[in-house]
Amino acid sequence: EIKKVRGRTVLADYYNANPASMEAALATVTSLKKTGQVFAVLGDMLELGAASVAAHRAVGSAAARFGVDIVITVGELSGYIAEGARAAGLPGERVHETEDHAKAGALLRNLSHAGDIVLIKGSRGMKMEKILEEF
């Protein structure tokens with residue numbers, strides 16, 4: 001779902017998250033950039049089993065590789081997304097780890113501006129729609 005919220009273009013994908021869908025969403029959101037910054041607010045990918053840590057790190061690496069400007073993570077596993085983004089060269093001050101929707105929404109509200117593009121994505125169990133409620 002694409003919506004305009006406070007002058008930002010928001011790609012809201014709350015219903016499924018796996019490594020392939022996360023990378024596809026990151027590629028899509030960065031391809032839309034014309035002006036402003038690209039934000040990726042990413043939650044945990046659930047039910048990945050033994051591959052979970054490596055998969056989350058790979059998503060963070062992809063965020064850096066595709067040119068996301070700011071990464072905000074929500075949840076325990078998504079800390080590995082942050083780790084992967086930093087390891088792939090995204091400066092630490094552009095990577096923010098949170099444990100809940102309220103903090104992620106506040107960060108998004110305070111760091112983003114009209115004209116920015118925002119991807120919000122995570123597994124359904126992460127209830128990522130709450131980010132915009134806090135925004």
Arg57 side chain to Ala87 backbone, donor-acceptor under 3.5 Å: no
CD on Glu83 to OG on Ser78, rounded to 0.5 Å: 11.5 Å
Value rounded to 0.5 Å, distance of OH in Tyr14 from CG in Leu132: 4.0 Å
Point-to-point distance, once rounded to the nearest 0.5 Å, from CG of Asn110 to CG of Leu108: 9.0 Å
Euclidean distance, His56 NE2 relative to Met45 CE, rounded to 0.5 Å: 4.0 Å
OG1 on Thr30 to CZ on Arg65, rounded to 0.5 Å: 10.0 Å
Minimal non-hydrogen separation, Leu42 against Val59, with atom names: CD1-CG1, 4.1 Å
More than 12 heavy atoms from other groups under 6.0 Å of CD on Glu47: no
Val29-Ile120 co-clustered via ILVMFWY side chain contacts under 4.5 Å: no
Single-linkage hydrophobic cluster, 4.5 Å side-chain cutoff, Val118 and Tyr15 together: yes
Shortest non-hydrogen contact from Ile70 toward Leu111: CG2-CD1, 4.4 Å
Exceeds 12 heavy-atom contacts within 6.0 angstrom, atom CD of Glu99: yes
Main-chain N/O of Thr73 paired with Thr98 side-chain donor or acceptor, under 3.5 Å: yes
Reported CG-to-CD1 distance for the pair Leu11 and Ile117, which is rounded to 0.5 angstrom: 7.5 Å
Nearest non-hydrogen partners of Ser21 and Asn16, listed with the distance: OG-O, 4.0 Å
Donor-acceptor contact present, side-chain Ser123 to main-chain Leu46, <3.5 Å: yes
Single-linkage hydrophobic cluster, 4.5 Å side-chain cutoff, Phe66 and Val38 together: yes
Pair Arg86 + Glu97, salt bridge at N-O below 4.0 Å: yes
Single-linkage hydrophobic cluster Ile81~Val74, side-chain heavy atoms < 4.5 angstrom: no
Which atom of Arg124 lies closest to which atom of Glu129, heavy atoms considered: NH1-OE1, 2.8 Å
Thr9 and Lys4: CA distance, side-chain angles, deciding distance, side chain to side chain contact (heavy atoms under 4.5 Å, CB included) verdict: CA-CA 5 Å; Thr9 301; Lys4 279 284 194 184; 3.0 Å; yes
Arg8 side-chain N/O to Asp116 backbone N/O, donor-acceptor pair under 3.5 Å: no
Linked, directly or transitively: Leu107 and Val5 (ILVMFWY side chains, under 4.5 Å): yes
Closest approach of Ala12 to Lys3 (non-hydrogen atoms, all atoms of both residues): CB-CE, 4.2 Å
Salt bridge present between Glu134 and Lys130 (N-O < 4.0 angstrom): no
Crowding at NZ, Lys33 (>12 non-hydrogen neighbours, <6.0 Å): yes
Tyr80 atom OH: more than 12 heavy-atom contacts under 6.0 Å: no
Donor-acceptor contact present, side-chain His101 to main-chain Glu133, <3.5 Å: no
Exercise: identify the closest heavy-atom pair between Ala82 and Val95: CB-CG1, 3.4 Å
